[in-house]
There are 2 protein chains.
Amino acid sequence: MSTAEETAGGEAQPWGEVTPDAARRLLLAAVEAFAERGYHATTTRDIAGRAGMSPAALYIHYKTKEELLHRISRIGHEKAVEILRTAARAEGGPAERLADAVSSFVRWHAGGRTTARVVQYELDSLGPDARAEILALRRQVDAEVRGIIEEGVRSGDFDVVDVQGTTVAVLSLCIDVARWFNVDGPRTPEEVGALYADLVLRMVGARAAGAAQR
Amino acid sequence: MSTAEETAGGEAQPWGEVTPDAARRLLLAAVEAFAERGYHATTTRDIAGRAGMSPAALYIHYKTKEELLHRISRIGHEKAVEILRTAARAEGGPAERLADAVSSFVRWHAGGRTTARVVQYELDSLGPDARAEILALRRQVDAEVRGIIEEGVRSGDFDVVDVQGTTVAVLSLCIDVARWFNVDGPRTPEEVGALYADLVLRMVGARAAGAAQR
DNA sequence: GGCAAGGGTGAGCGGGCGCTTAGTGCGCCC
DNA sequence: GGGCGCACTAAGCGCCCGCTCACCCTTGCC
């Protein structure tokens, strides 16, 4: 039976596609460990231990420790592209779609903070080939957001001087959520998403920006 | 001869206070190495090698590898606080001071990217005590920016619903510059600083925000 | 029941890690 | 100008890393 799509924001089981059950448990354990201590500070013994297996079991499903990071990074980036693409292709005006894109992207970074941390901050630990593959996905992420902003400028909904610079700033704002967000903190992912969507609309000078908030 | 204060933005020699010359060279080497590969992926042999010394030389000036990170982190954070405090206490209205704070903070993150990277992203590699000390400095950073925004709201210059949330977002934007900025890229630290100052003024709904840009 | 396949384990290899120690060269003070 | 102190080095200790290998269970098919 096909695993049903989970509700937005959380990271219920985005790893359903990783097929042997033991391989998925190992991957999940690696995500946790990498997010907590970083790739280099994590040992293969720690990963295997979290998955309830012996150190050697890891090498039945993955060639190296780096392959684990590579897989996590690719799946995570694909999810990020999917989130932004869905928002970009939705119905509604540029402002509506940009707000939607930002709030879901932020919710993903806050709610699935462990995954997002690995995805966004452990890129440099990959080898050159894997790194290049991931960078291509990043360019897609950038293009989706830039597309919405360009459209808003063309239609006159947005007032932006430097489209590329503003695109970088918008993504930057969302991505950094993975660094500071704390699950035990005072804000829910949804609240941060809503706040950030409003702030971004202001950044692009959307007509009537923030009007709905006041 | 006293080392003259360097011009703003760069990181010519902010480590003048580190006194034995060899200790400073080691620290500088550590900053480079940590920024490039991360704390855990950097070996003491690498640090000593970059400083042109034998591995053992490191332990004459520093007790452990972690002490190097601790020192770098503290000096870096003190510099960050100083930059923001200077901007916050300057003359002029809230908008002017906020723009000044953001642009100099961004210039520091972009120009001194190696230092800023270590300062912002290697915090978790510190032990609990050192970490707590650094977190106190971070609270000061937050307080300086929040102070300017609060003042702007009181005076009616800014229109902000969620002061703390907006403060986090503003700092977030600046800090993330250390992650993506590329010295060989198309923008200078000054250009990014100016762009970000404008974007932040829009975020806080400053009266006539961006008017000077158009 | 016999047997092949494959997920899993215990033990351990080679190597590089953080850090130490014994010794060396050199400048400075009396 | 002899001795002391200190910055520094060569060598290496003990440890733990990523990863491997020989072997062991369980499962499914004839």
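Bear in mind that the values here come from a model prediction, so they are computed numbers and not experimental data.
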Review point. Looking at CZ of Arg131(B) and CG of Leu126(B), how far apart are the two atoms once the value is rounded to the nearest 0.5 Å?
Key: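 If I round to the nearest 0.5 Å, the distance is 8.5 Å.
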**Study point:** Reported CD1-to-CG distance for the pair Ile75(B) and Leu137(B), which is rounded to 0.5 angstrom
**Key:**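 It is 11.5 Å, given to the nearest 0.5 Å.
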Practice item. For Ile175(A) and Trp180(B), run side-chain contact (heavy atoms from CB on, under 4.5 Å): C-alpha distance rounded to whole Å, both residues' side-chain angles, the deciding distance at 0.1 Å, then the answer. Key: CA-CA 11 Å; Ile175(A) 288 170; Trp180(B) 64 262; over 6 Å; no
Review point. Do the rings of Phe105(A) and Trp108(A) sit parallel, tilted or perpendicular, given the 30° and 60° boundaries?
Key: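 Parallel, since the angle between the ring planes stays under 30°.
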Exercise for review: Nearest whole angstrom, please: distance from the C1' of dG10(C) to the CE of Met53(A).
Suggested key: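 So the two atoms are 15 Å apart, to the nearest Å.
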Check your understanding: Nearest-Å distance, CG (Asp46(B)) to C1' (dC17(C))?
Key ->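 Rounded to the whole Å, the gap is 13 Å.
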Check your understanding: Cationic tip of Lys65(A) within the cone over Tyr39(A)'s six-membered ring, i.e. under 6.0 Å and within 45° of the normal?
Key ->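 The answer is yes, since Lys65(A) meets both limits relative to Tyr39(A).
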Exercise for review: Check each residue of residues 59-71 of chain B for a non-hydrogen atom within less than 4.0 Å of any atom in DNA chain C, then write out the ones that pass by number, or none.
Suggested key: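 Those residues whose heavy atoms fall under 4.0 Å from DNA chain C, taken from residues 59-71 of chain B in numerical order, are Tyr59(B), Thr64(B), Lys65(B).
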Check your understanding: Hey, where on DNA chain D does chain B first and last touch, going 5' to 3'? Cut-off is any atom under 4.0 Å from a heavy atom.
Key ->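 It runs dC8(D) to dG12(D).
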Practice item. Using only heavy-atom distances, decide whether a donor-acceptor pair under 3.5 angstrom links the side-chain of Arg45(B) to the base of dG18(C). Key: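 Answer is yes: a donor-acceptor pair is held.
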Point to revise | Those residues that, when tested against Arg50(A), pass side chain to side chain donor-acceptor pair (under 3.5 Å) (two or more places apart) | key: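 Only Glu32(A), Glu36(A), Asp46(A) meet the side chain to side chain donor-acceptor pair (under 3.5 Å) criterion with Arg50(A).
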Exercise for review: State plainly whether the residues Arg179(B) and Asp176(B) are in salt-bridge range, i.e. N to O under 4.0 Å.
Suggested key: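 A salt bridge links Arg179(B) with Asp176(B).
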Practice item. Answer yes or no: is there an ion pair linking Arg89(B) with Glu144(B), defined by an N-O contact shorter than 4.0 Å? Key: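 Glu144(B) and Arg89(B): salt-bridged.
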